[in-house]
Amino acid sequence: MEQISVKIINNSHHPLPAYATEHSAGMDVRAFLESPVTLMPLQRALIPTGLRIELPAGFECQLRPRSGLALKHGITLVNTPGTVDSDYRGEIGVILINLSDQPFVINDGERICQMVITRHSQATWVQVNELGETERGDGGFGHTGVK
């Protein structure tokens, strides 16, 4: 497993994101709030984390929902996965949405999402008049049937 060094500024009073187990891909990120935020059903809000990072070129930080919040409370990220680019230096904010039919209160220090650091590539477009043939061809959504 590859390990990289990432510079981080933690303006919150919470611990740094950390891996829960030896083989975890994601680290829990906590809300950094002056007071609780109540998300009403279908409401969304930008939740601050107090974290700023400097990723090496060629890496991104993905913000993903926490499965427990999604299953138990219908709380997820609007733009999942959220991407933090290596040249962004501002505070990481998490856009949460409440997809349940009940209000949900987010408290300071609550674990609100997972952070995954991963490599990425940039594409160079090659404009052509034809694409190679495949068995699937242009079969789109649902083309393989229900079974």
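Values below: every heavy atom of this structure, side chains too, minus hydrogens, waters and symmetry copies.
To the nearest 0.5 Å, atoms CD1 (Ile75) and CD1 (Ile106) are separated by 6.0 Å. Note: Ile53 CD1 to Cys61 SG = 4.5 Å, rounded to the nearest 0.5 Å. The line from CG of Leu77 to CD1 of Ile47 is 10.5 Å long, rounded to the nearest 0.5 Å. Remark: Leu55 CG to Ile8 CD1 distance equals 9.5 Å, nearest 0.5 Å. Residue Gln62 holds its CD atom at 12.0 Å from CD of Gln114, rounded to the nearest 0.5 Å.
Taking the side chain as every heavy atom from C-beta outward, Gln43 and Pro103 never approach each other to under 4.5 Å. Side-chain contact check for Leu99 versus Leu42: some heavy-atom pair is nearer than 4.5 Å.
Although no hydrogens or angles enter the test, the distance criterion places no donor-acceptor pair under 3.5 Å between the side chain of Glu60 and the main chain of Ile117. Without hydrogens or angle criteria, Ser24 side chain to Thr21 main chain gives a donor-acceptor distance under 3.5 Å. In terms of modelled atom types and a separation under 3.5 Å, the side chain of Asn10 and the main chain of Ser12 share a donor-acceptor contact. Distance alone, capped at 3.5 Å, places no donor-acceptor pair between the Arg136 side chain and the Glu133 backbone. For the pair Thr49 (side chain) and Ile92 (backbone), a donor-acceptor distance under 3.5 Å is present.
Two different hydrophobic clusters hold Ile95 and Val84 under the rule that ILVMFWY side chains link at heavy-atom gaps under 4.5 Å. Residues Val116 and Val78 are members of separate hydrophobic clusters, defined by side-chain heavy-atom contacts under 4.5 angstrom among Ile, Leu, Val, Met, Phe, Trp and Tyr. Phe32 and Val94 end up in different hydrophobic clusters when Ile, Leu, Val, Met, Phe, Trp and Tyr side chains are linked at under 4.5 Å. In terms of hydrophobic clustering, with Ile, Leu, Val, Met, Phe, Trp and Tyr side chains grouped at heavy-atom distances under 4.5 Å, Ile9 and Leu33 are assigned to different clusters.
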> Going through the checks in order, is the side chain to side chain contact (heavy atoms under 4.5 Å, CB included) test met by Arg89 and Glu54?
Replying inline: CA-CA 7 Å; Arg89 296 294 185 267; Glu54 182 179 328; 3.2 Å; yes
>> Between Asp108 and His13, does the side chain to side chain contact (heavy atoms under 4.5 Å, CB included) criterion hold? Intermediate values first, please.
In response: CA-CA 10 Å; Asp108 181 51; His13 50 270; 2.8 Å; yes
>> Between Asn98 and His73, is the side-chain hydrogen bond (donor to acceptor under 3.5 Å, both in side chains) condition met? List the steps.
In response: CA-CA 8 Å; Asn98 181 354; His73 304 286; over 6 Å; no
> For Ile97 and Leu39, what are the C-alpha separation, side-chain angles and deciding distance, and is it a side chain to side chain contact (heavy atoms under 4.5 Å, CB included)?
Replying inline: CA-CA 7 Å; Ile97 189 167; Leu39 280 181; 5.9 Å; no
>> Using side chain to side chain contact (heavy atoms under 4.5 Å, CB included), reason through Ile112 and Arg66 one step at a time and then give a plain yes or no.
In response: CA-CA 7 Å; Ile112 56 172; Arg66 293 191 69 239; 5.9 Å; no
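No side-chain donor-acceptor contact under 3.5 Å links Glu91 and Asn11. Under 3.5 Å, the side chains of His120 and Asp85 contain no donor-acceptor pair of N or O atoms.
Contact record, His14 with Ala31: NE2-O, 3.3 Å, taken as the closest heavy-atom pair. In terms of heavy atoms, Arg64 sits closest to Cys113 at O-CB, 3.2 Å. Of all the heavy atoms in Pro56 and Ser86, the pair that sits closest is O-CB, 3.5 Å.
Environment of CD1 in Ile4: crowded, with over 12 heavy atoms of neighbouring residues, nucleotides or ligands closer than 6.0 Å. Annotation: Gln122, atom CD; neighbour count of heavy atoms from other residues, nucleotides and ligands within 6.0 Å does not exceed 12.
Partner of Phe104 under the side-chain contact (heavy atoms from CB on, under 4.5 Å) criterion, out of Val37, Leu96, Leu69: Leu69 alone.
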